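What follows is a set of notes on a single structure, which appears directly below.
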Amino acid sequence: MTTMTDTSLREFKMPDVGEGLTEAEILKWYVQPGDTVTDGQIVCEVETAKAAVELPIPYDGVVRSLHFPEGTTVDVGTSIIAVDVSGGAAPVPAEEAAPAKPAAEPRPAEPAPAKPQGRKPVLVGYGVAESSTKRRPRKGVPPVAAPVEDTLYGATALQPVQGELNGHGPHGATAPRPLAKPPVRKLAKDLGVDLTTVTPSGPDGIITREDVHAAVAPPKTPEPAVTVPAAPVTPAVAPAPVVSYDGARETRVPVKGVRKATAAAMVGSAFTAPHVTEFVTVDVTRTVKLVEELKQDKDMQGLRVNPLLLIAKALLVAIKRNPDINASWDEAAQEIVVKHYVNLGIAAATPRGLIVPNIKDAHAKTLPQLAESLGELVSTAKEGRTSPAAMQGGTVTITNVGVFGIDTGTPILNPGESAILAVGAIKPQPWVHKGKVKPRQVTTLALSFDHRLVDGELGSKVLADVAAILEQPKRLITWA
């Protein structure tokens, strides 16, 4: 057996994948002790306070040990994996590679099962997986011994496998990890659904959100037969109604990751920056018509074209006409920092919580370029693949509460920004148009701003400009 020296061992530490992050939770390991890795290979997925991120290893070598199991929150700068870079082909002994596991007892000599020579591709964001995988251990569930191959000793050994004691396979062994995208796994975790019990309906056996919801829906049962007594019987006291919430009366969701960071940021913003919110209701019929025309334009084919696109463009033009709105407050230096670029944030609700990725240098983009960037931002957020870099450096934000049928709201500023525009639902309403009451497409806009650096006049001008552009979208040309 080859003895490894300390000089051949490289410790990979949890990096700061965002700006000033202090910790991250290990969501998924893509490698195990004994696996060969190459420089740049994704070895794990972690969740920070900003997003889920895949970590590449910067070494070529053989994995010697994983220092933390899945579900563990680790401080930045702490070593999480050890890699032997000596070039030796033999994997490390099991007692060194996995110190947290009890020593395996050898079984009677028998032919070792053939180890798969390759890895099969799985979903985007999940790297690659062996033909047999392990589910994240649940609290209070002891490990169950299950046969796994031991290529070091050429025989099958017993090692603990974290699984549920409900027989998902022979002798309680866990079944292969079900295929599901990260947002679907998060939904299942929040609802308490075991994905191994869910019947997939997606392509290639992928579990969808609908499958998860179906798993928690109460089963349909036939109505019981009604027996009519010979004589009517009236009870002296009517029984009290029983309220059922499908079993558990409470569900506790740990506040961590994106949700924890969002909560802290909103509290800090609300009690640091003096918020002022102004509202305006505007006829956007012409904007709605322009959206339909742009959908037919050959230069916009294949792009996301909707009212939000023109609202974003209207805000960018309003900022160009009133540049002081695009600023931040530097408390330490007691300075107002006016930005000569616009990183336009779009608030997005995701299974991990509210995030605000931004379009870098949105002010310099043409309408087709803005549509392309907006489409990429939304699709990436829905898939849970937004990177921390995409959420840093925002200067002003749009939150579209209208998609939920809400008329308006008083949005809280994204930390470090001076303004946020809330867009309400666009609905047909009676409106005075050319001296007559007619049904028109109407929406309400709300602009919140930091009153330390934006006074009422500046905030009003910006909101009025956005409203004027949406009422007469030709101003996108005349004012640009």
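Here the structure is a predicted model, which is why all the values come from computation and not from measurement.
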Under 3.5 Å, side chain of Asp35 to main-chain N/O of Gln32, donor-acceptor pair present? yes

- Is any side-chain heavy atom of Leu374 less than 4.5 Å from a side-chain heavy atom of Ile346? yes

Closest heavy-atom pair, Val466 versus Ala318, reported as atoms and distance to 0.1 Å, is CG2-CB, 3.7 Å

When every non-hydrogen atom of Gly409 is compared with those of Phe279, the smallest separation belongs to O-CE2, 3.5 Å

Tightest non-hydrogen contact, residues Glu11 and Ala82, listed as OE2-CB, 3.6 Å

Set out, in order, the CA-CA distance, both residues' side-chain angles and the distance that settles side chain to side chain donor-acceptor pair (under 3.5 Å) for Ser418 and Asp450, then state yes or no.
CA-CA 5 Å; Ser418 62; Asp450 186 341; over 6 Å; no

The reported gap from CG in Asp361 to CG in Leu344 (rounded to nearest 0.5 angstrom) is 11.5 Å

Checklist entry - Do Ile359 and Asn343 touch side chain to side chain, with heavy atoms closer than 4.5 Å? => result no

Would Leu421 and Leu445 satisfy side-chain contact (heavy atoms from CB on, under 4.5 Å), going step by step from the backbone distance to the final call? CA-CA 7 Å; Leu421 177 69; Leu445 307 175; 4.2 Å; yes

- Message: Under a 3.5 Å threshold, yes or no: a donor from one side chain and an acceptor from the other, between Asn414 and Glu417?
- Response: yes

- [ ] Under the side-chain contact (heavy atoms from CB on, under 4.5 Å) rule, what do Val83 and Val62 come out as? Steps first, then yes or no, please.
- [x] CA-CA 5 Å; Val83 176; Val62 177; 5.9 Å; no

Notebook entry, point to check: With a 3.5 Å cut-off and no angle check, do the side chains of Asp60 and Thr38 form a donor-acceptor pair?
Noted result: no

Between Ser379 and Glu376 the two heavy atoms that sit nearest each other are OG-O, 3.2 Å

Under 4.5 Å between any side-chain heavy atoms of Val193 and Val198, yes or no? yes

query = Does the Asn322 side chain pair with the main chain of Ile319, one donor and one acceptor, at a distance under 3.5 Å?
reply = no

Sequence neighbours excluded, the answer for salt bridge (charged side-chain N to carboxylate O under 4.0 Å, His left out) partners of Lys13 is none

| field | Side-chain heavy atoms of Glu23 within contact of Val76, under 4.5 Å | value | no

Can you tell me if NZ on Lys461 sees more than 12 non-hydrogen neighbours from other groups inside 6.0 Å? no

Inset, instruction - Using modelled atom types only, decide if a donor and an acceptor are shared between the side chain of His275 and the backbone of Leu413 within a distance under 3.5 Å. - result: yes

Residues at least two apart in sequence or cross-chain that pass salt bridge (charged side-chain N to carboxylate O under 4.0 Å, His left out) with Asp407, listed by chain then number, are Lys427

Checklist entry - When you measure from the side chain of Thr380 to the backbone N and O of Leu377, does any donor-acceptor pair fall under 3.5 Å? => result no

Could you walk me through whether Thr277 and Thr410 pass side chain to side chain donor-acceptor pair (under 3.5 Å), step by step?
CA-CA 6 Å; Thr277 306; Thr410 55; 5.2 Å; no

Review point. Would you say the side chains of Asp75 and Thr78 form a donor-acceptor pair under 3.5 Å?
Key: no

From CA spacing to verdict: side-chain contact (heavy atoms from CB on, under 4.5 Å), Met391, Thr386
CA-CA 8 Å; Met391 292 182 283; Thr386 302; 3.9 Å; yes

Salt bridge Arg64-Asp84, side-chain N to carboxylate O under 4.0 Å: no

OG1 of Thr443 to CG of Leu470, rounded to nearest 0.5 Å, is 8.5 Å

Closest non-hydrogen atoms of Asn358 and Gly394, given as atom of the first, atom of the second and distance, are ND2-N, 3.5 Å

d(Lys28 NZ, Glu47 CD) to nearest 0.5 Å is 16.0 Å

So, Asn306 side chain and Leu309 main chain: donor-acceptor pair closer than 3.5 Å or not? yes

TODO: May I have the step-by-step check of side-chain contact (heavy atoms from CB on, under 4.5 Å) for Ile412 and Ile420, ending in yes or no?
DONE: CA-CA 7 Å; Ile412 298 177; Ile420 179 172; over 6 Å; no

Taken to the nearest 0.5 Å, the spacing of Leu453 CG from Ser328 OG works out to 7.5 Å

> Would you say Glu70 and Leu27 make side-chain contact, with heavy atoms under 4.5 Å?
Replying inline: no

Rounded to the nearest 0.5 Å, the CZ atom of Phe68 sits from the OG1 atom of Thr73 at a distance of 10.5 Å

Taking every heavy atom of Pro411 against every heavy atom of Thr399, the minimum-distance pair comes out as CB-CG2, 4.0 Å

CG of Asp39 to OH of Tyr59, rounded to nearest 0.5 Å, is 9.5 Å

Validation: residues 363-372 side-chain donor-acceptor distances under 3.5 Å, sequence neighbours left out:
unit_1 : atom_1 : unit_2 : atom_2 : d
His363 : ND1    : Val342 : N      : 3.2
Thr366 : OG1    : Gln369 : N      : 3.3
Thr366 : OG1    : Gln369 : OE1    : 3.4
Gln369 : OE1    : Thr366 : N      : 2.9

Worksheet item: Any side-chain heavy atom of Val317 within less than 4.5 Å of one from Ile469?
Response: yes

Problem - Minimum side-chain heavy-atom gap Ile80-Trp29 below 4.5 Å - result: yes

Are a donor atom and an acceptor atom from the side chains of Thr408 and Thr444 found within less than 3.5 Å of each other? no

Problem - Side chain to side chain, Pro15 and Leu55, heavy atoms closer than 4.5 Å - result: yes

Q: For the residue pair Glu278 and Ser460, confirm or rule out a side-chain donor-acceptor distance under 3.5 Å.
A: yes

The side-chain contact (heavy atoms from CB on, under 4.5 Å) partner of Glu54 among Val46, Ile42, Val43 is Ile42

